[in-house]
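Following: one structure in structure tokens, then a few remarks.
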Amino acid sequence: NCVDFSDQESAAFAENVAVCDEQVLEQYLAGEAVGTEQIKRLIRERKLFPCYFGSALKMQGVKAFLVDFIRYASIPAYGETFGARVFKIARDAQGNRLTYLKVTGGSLKVRQVIGEEKINQIRIYSGEKYETAEEVGAGGVCAVTGLLRTFPGESCFPDCGNLRRRNRSFIFWGMRP
């Protein structure tokens, strides 16, 4: 449910948030206020989608958005052992194969071996430009060179030393004369 977060002090706001979840609605109808932790939980569980209105060019509504982003955003907990998820494969201008991944635990270092392949370079992209890094920590998104047999959807889980296919898409098709 999309809820307008521009007037968070109104009764209409609390009611609109409460109808997103049965437990919160019961508490609201019992006379309890909707709390920040409940709103955080609803956003995290994708039951509530905050909506903000304004203009970044005119700096209208930007401050309120940033304040609430800090207030309601939940930082995920990452494990200490290495894990990563591949989400894209591309090539750079020189033809080098790039594996884009998100580190979901521990850290990824240059020259680290994953399966039978070694990470040659870690790149942190910003548009077309990038900076090289020696290490990327949990939660970081990067592109690496050196992995030649990876596919989008593969994951390196903490309990294994190699990449495994996590999701697989299938398209069945045929031609009839």
Side-chain angles (χ1 to χ4, degrees), residues 1-90 98-109 122-144 152-159 163-169:
N1 295 337
C2 294
V3 175
D4 182 1
F5 270 58
S6 59
D7 184 16
Q8 296 180 33
E9 301 303 319
S10 70
F13 170 77
E15 184 177 333
N16 288 332
V17 170
V19 298
C20 294
D21 183 68
E22 197 169 313
Q23 178 186 1
V24 177
L25 181 60
E26 287 176 10
Q27 292 174 348
Y28 176 74
L29 293 175
E32 295 180 32
V34 177
T36 302
E37 290 304 315
Q38 290 172 317
I39 294 173
K40 281 183 172 183
R41 181 180 61 82
L42 292 173
I43 293 170
R44 187 175 50 252
E45 293 175 357
R46 301 180 55 86
K47 293 181 178 180
L48 172 64
F49 297 92
C51 293
Y52 294 86
F53 301 92
S55 170
L57 292 174
K58 297 178 182 178
M59 291 301 292
Q60 295 173 342
V62 175
K63 185 175 180 181
F65 170 74
L66 292 174
V67 166
D68 285 351
F69 183 80
I70 292 168
R71 180 186 304 157
Y72 297 124
S74 299
I75 299 170
Y78 295 106
E80 294 296 319
T81 55
F82 174 71
R85 179 162 299 133
V86 177
F87 64 89
K88 179 180 175 182
I89 304 294
L98 299 173
T99 301
Y100 289 82
L101 50 86
K102 178 173 183 175
V103 180
T104 58
S107 64
L108 178 67
K109 298 177 177 80
I122 298 175
R123 300 178 181 182
I124 310 295
Y125 273 88
S126 177
E128 291 292 320
K129 298 179 182 178
Y130 67 88
E131 294 181 6
T132 59
E134 289 295 314
E135 182 175 4
V136 175
V141 176
C142 63
V144 299
E154 286 184 317
S155 296
C156 182
F157 296 101
D159 59 347
L163 291 164
R164 296 192 296 195
R165 175 75 64 158
R166 179 163 187 189
N167 299 324
R168 195 170 204 165
S169 300

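- The side chain to side chain contact (heavy atoms under 4.5 Å, CB included) test with Arg123 singles out one residue from Leu98, Val144, Val136, and that residue is Leu98.
- Around atom CZ of Phe69, no more than 12 heavy atoms belonging to other residues, nucleotides or ligands sit under 6.0 Å away.
- One distance of note links CE of Met59 with CG of Leu57; it measures 10.0 Å at 0.5 Å rounding.
- In this structure Lys109 satisfies the salt bridge (charged side-chain N to carboxylate O under 4.0 Å, His left out) test together with Glu135, sequence neighbours excluded.
- Side-chain atoms of Gln23 and Glu26, non-hydrogen and from C-beta on, never get closer than 4.5 Å to each other.
- The minimum heavy-atom distance between Tyr28 and Ala14, with the atom names listed, is CE1-CB, 3.7 Å.
- Atom OH of Tyr72 is separated from atom CZ of Arg41 by 14.0 Å, given to the nearest 0.5 angstrom.
- The shortest distance between side-chain heavy atoms of Leu101 and Leu108 falls below 4.5 Å.
- Residues Val3 and Cys20 form a side-chain contact, since some pair of their non-hydrogen atoms from C-beta on lies under 4.5 Å apart.
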Evaluate the side chain to side chain contact (heavy atoms under 4.5 Å, CB included) criterion for residues Val17 and Leu48: first the C-alpha distance (whole Å), next the side-chain angles of each, then the deciding distance (0.1 Å), finally the verdict.
CA-CA 7 Å; Val17 170; Leu48 172 64; 4.2 Å; yes
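- Nearest heavy atoms, Cys2 versus Cys51: CB-SG, 3.5 Å.
- No donor-acceptor distance shorter than 3.5 angstrom exists from the side chain of Ser55 to the backbone of Gln60, with no hydrogens or angles considered.
- Note that OG of Ser10 and CG of Asn16 are 7.5 Å apart. Values are rounded to the nearest 0.5 Å.
- Distance check: Tyr130 OH to Ile124 CD1 gives 12.0 Å after rounding to the nearest 0.5 Å.
- To the nearest 0.5 Å, the span separating NZ on Lys47 from CG on Leu42 amounts to 7.0 Å.
- Under a cut-off of 6.0 angstrom, the local environment of CD in Glu22 is sparse, with at most 12 non-hydrogen atoms contributed by other residues, nucleotides or ligands.
- One finds the CD1 atom of Ile43 at 4.5 Å from the CZ atom of Phe5 (value rounded to the nearest 0.5 Å).
- Shortest non-hydrogen contact noted between Ala90 and Tyr100 is CB-CE1, 3.8 Å.
- Of all the heavy atoms in Val103 and Tyr78, the pair that sits closest is O-CE2, 4.3 Å.
- Looking at every heavy atom in both residues, Thr104 comes nearest to Ala84 through OG1-N, 3.4 Å.
- At a cut-off of 3.5 Å, with distance as the only test, no side-chain donor of Asp21 or Gln38 sits close to an acceptor on the other residue.
- Using a 4.5 Å cut-off on side-chain heavy atoms (C-beta onward), Phe13 and Asp4 make no contact.
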